[in-house]
Protein chains: 2
Amino acid sequence: MAHAVLRTLTRHNSHRGCLDILEEEEGFGCDSRRVEAGRIMTQRLFEEVYNSIRRDLMRGKLKPGDKLPSERDLAEQLGVGRPVVREALRALENSGMLELRKGVSGGAFIRQGDGRAVSRTVNDLVFLGKLSLDQLTEARSYLLDQAVRLACARGTDADFAALDANVERMRVAIEAQAVEASISEIMDFYALLGTAAKNDVLTVIIGSLSEIIAQILLALRPEHLTDLVAMRREVLDKIRQRDADAASAAMAAHMAVLHAYVVQKSGNLHMLDLEPFDSHA
Amino acid sequence: MAHAVLRTLTRHNSHRGCLDILEEEEGFGCDSRRVEAGRIMTQRLFEEVYNSIRRDLMRGKLKPGDKLPSERDLAEQLGVGRPVVREALRALENSGMLELRKGVSGGAFIRQGDGRAVSRTVNDLVFLGKLSLDQLTEARSYLLDQAVRLACARGTDADFAALDANVERMRVAIEAQAVEASISEIMDFYALLGTAAKNDVLTVIIGSLSEIIAQILLALRPEHLTDLVAMRREVLDKIRQRDADAASAAMAAHMAVLHAYVVQKSGNLHMLDLEPFDSHA
DNA sequence: CAATATCGATTGGTAATACCATTTGGAAGG
DNA sequence: CCTTCCAAATGGTATTACCAATCGATATTG
């Protein structure tokens, strides 16, 4: 009983196999052609599978950690070919909703989505030239300003301690000339700021924009990151005092320096070589 | 003839310049089996194709409107199977970078990415429960506040005229009881606001968040939208006077009403049935 | 007996192939 | 010249086969 894990997964027969992942919604292209001329046929088969699983996810029928049947089983149950199932699963994986694992007791597992898919998409827009770096940094400044103010209002001591620790790690990494580690900590700072602000939406968006800055920094291999430590300590200090205006000003100063550096140094983004498709590692 | 490709049997990082679309640089020597215990075999074949095309896009080698070779040609040029090429193209389409068209003179065309992919991803996060509606509306309020202030500072008469026209269309649609049209205009308002603010990043983000609100509104089929017209006229009026604080306050009041309605009425999102996968129509 | 090594079954990953559906352009016919 | 229709090209789907990776169970060995 390999996948008893998955709930019900009812299949009703083999021929009309129109079936669904969990209940009967009138099935897919059982007979391959959309019934008569009703529909526009623009819907591709794998999209129906995609939407079906996605719908079940949204309705809570599938929870993070659950495992879907194997591709072969799904294909048989749905009455479609395995490539169709594959493409649907791939699209879902691409959206960060599924994780595909090989091997026995592998399969498609429901993920609890995080912001990485958003990051990648925003990333695409920037590097495809649809969004300019100027506007990105500007928007990022506004968002961080808001996050700082919220952190002043809502941050807890635990949040501040986490930020302290992060700044300290950053200092060590910078002193050790560990560029990758430094930038990693730099990014964590923003995430922790979002946490202190108690707004995950803000956190995700800030994370998406910051990741782009991080990639650029990584490609630039900057030397003088030391002043960042002082700046952040000042911001953190103001936040701890719950002085929103002062904290905002300090953060703005910080952003002015950082963004000016990034925008100036990375004249043309085409020079940068990045590694996309993080595979949700 | 499939495996006739040369094999640089790379050690782990030589798969850099492996390929160049359209420039006959055959095969990913990148053997799928990363040598020995080196671990981390994470990179799947189609991801290399994906990244390769993506890189060419970012470097400007491929411009919007360009057409890639057919799947069959690509498969042959790259020395991989057609399914691999397919999955890569699919992923790119999913990211909004490609458009696949059937028929002769069809193929894979480079798209100029827009914010829809971002919207869908954010959408997923919300409806999968990772992001709460409360936080979404809060973040949206902040962003719109910023947009309003920027519009006060940078908006042109043309921008304001467009906003005027939008409000008027919205009024007509609401009076005609055309719910879909009303909501469509409601959303356009935010996009136009972003345009007036002269920051595309802000526009994309606001659009993503607003689209979720729009979907909820669509599912709720609200009745009394009439007060929206008055509220927006007020906001617009303040913006035109370049009075940022007043415009911000008016917008905040507007958001308070709208968001309270949405949050209250849509107790559990699971009731809502939405249509995902817009297929970038 | 316990720790280790090996094998095999399951599952995703890739490949090759065939055929269908759709679209478009050009040829044939009016 | 216009219309109609067919055929080639292309994406979409299905089928099949095999490879690769993983993990559990069994066998082996200390």
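Hydrogens, waters and symmetry mates are skipped; everything else that's a heavy atom, side chains included, is used. By convention in this document, chain letters (A, B, ...) are assigned in the order of the sequence lines, proteins followed by strands, and residues within each chain are numbered from 1.
Each of D/dT13, C/dT14, D/dG11 was ranked by its minimum atom distance to the side chain of B/Glu71; first place goes to D/dG11. Side-chain atoms of A/Val84 lie closest to D/dA14 of the nucleotides D/dA14, C/dT14, D/dG12. The nucleotide whose nearest atom lies closest to any side-chain atom of A/Lys102 is, among D/dG12, D/dA21, C/dT24, D/dA21. Of the candidates D/dA8, D/dG11, D/dT13, D/dA8 carries the atom nearest the B/Val104 side chain, counting heavy atoms from C-beta on. In the set C/dT11, D/dG12, C/dT14, C/dT11 carries the atom at the smallest distance from any side-chain atom of A/Arg72.
Atom CD of B/Glu87 and atom P of C/dA15 are 10 Å apart (whole Å). Distance CZ (A/Phe109) to P (D/dT22): 13 Å, rounded to an integer number of Å. To the nearest angstrom, C1' of D/dG12 lies 19 Å from OH of A/Tyr50. Between the CZ atom of B/Arg44 and the C1' atom of C/dG12 there is a distance of 9 Å, rounded to whole Å. Remark: C1' of C/dA15 and CG of B/Leu78 are 14 Å apart, rounded to the nearest angstrom. Straight-line distance from the CG atom of B/Leu89 to the C1' atom of D/dT13: 16 Å, rounded to whole Å. Atom-to-atom, CD of A/Glu99 to P of C/dT11 comes out at 17 Å; the value is rounded to the nearest Å. Remark: P of D/dG11 and CZ of A/Phe46 are 14 Å apart, rounded to the nearest angstrom.
Both B/Arg82 and A/Leu100 lie close to DNA chain C; mapped to their nearest nucleotides by heavy-atom distance, the more 5′-ward contact belongs to A/Leu100. Both A/Gly103 and A/Pro83 lie close to DNA chain C; mapped to their nearest nucleotides by heavy-atom distance, the more 5′-ward contact belongs to A/Gly103.
A cation-pi arrangement, defined by a distance under 6.0 Å to the six-membered ring centre and an angle within 45 degrees of its axis, is present between A/Arg140 and A/Tyr190.
Contact check for A/Phe109 versus A/Asp66: no side-chain heavy atoms found under the 4.5 Å cut-off. Taking the side chain as every heavy atom from C-beta outward, A/Val118 and A/Val122 approach each other to under 4.5 Å.
For B/Arg86 and D/dG12, the shortest distance from a side-chain N or O to OP1 or OP2 is below 4.0 Å.
Residues B/Arg116 and B/Asn123 have side chains that never bring a donor and an acceptor to within less than 3.5 angstrom of each other.
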Report task. Please lay out, stage by stage, how B/Leu133 and B/Ile216 fare under the test side chain to side chain contact (heavy atoms under 4.5 Å, CB included). Result -> CA-CA 10 Å; B/Leu133 198 50; B/Ile216 296 175; 3.7 Å; yes
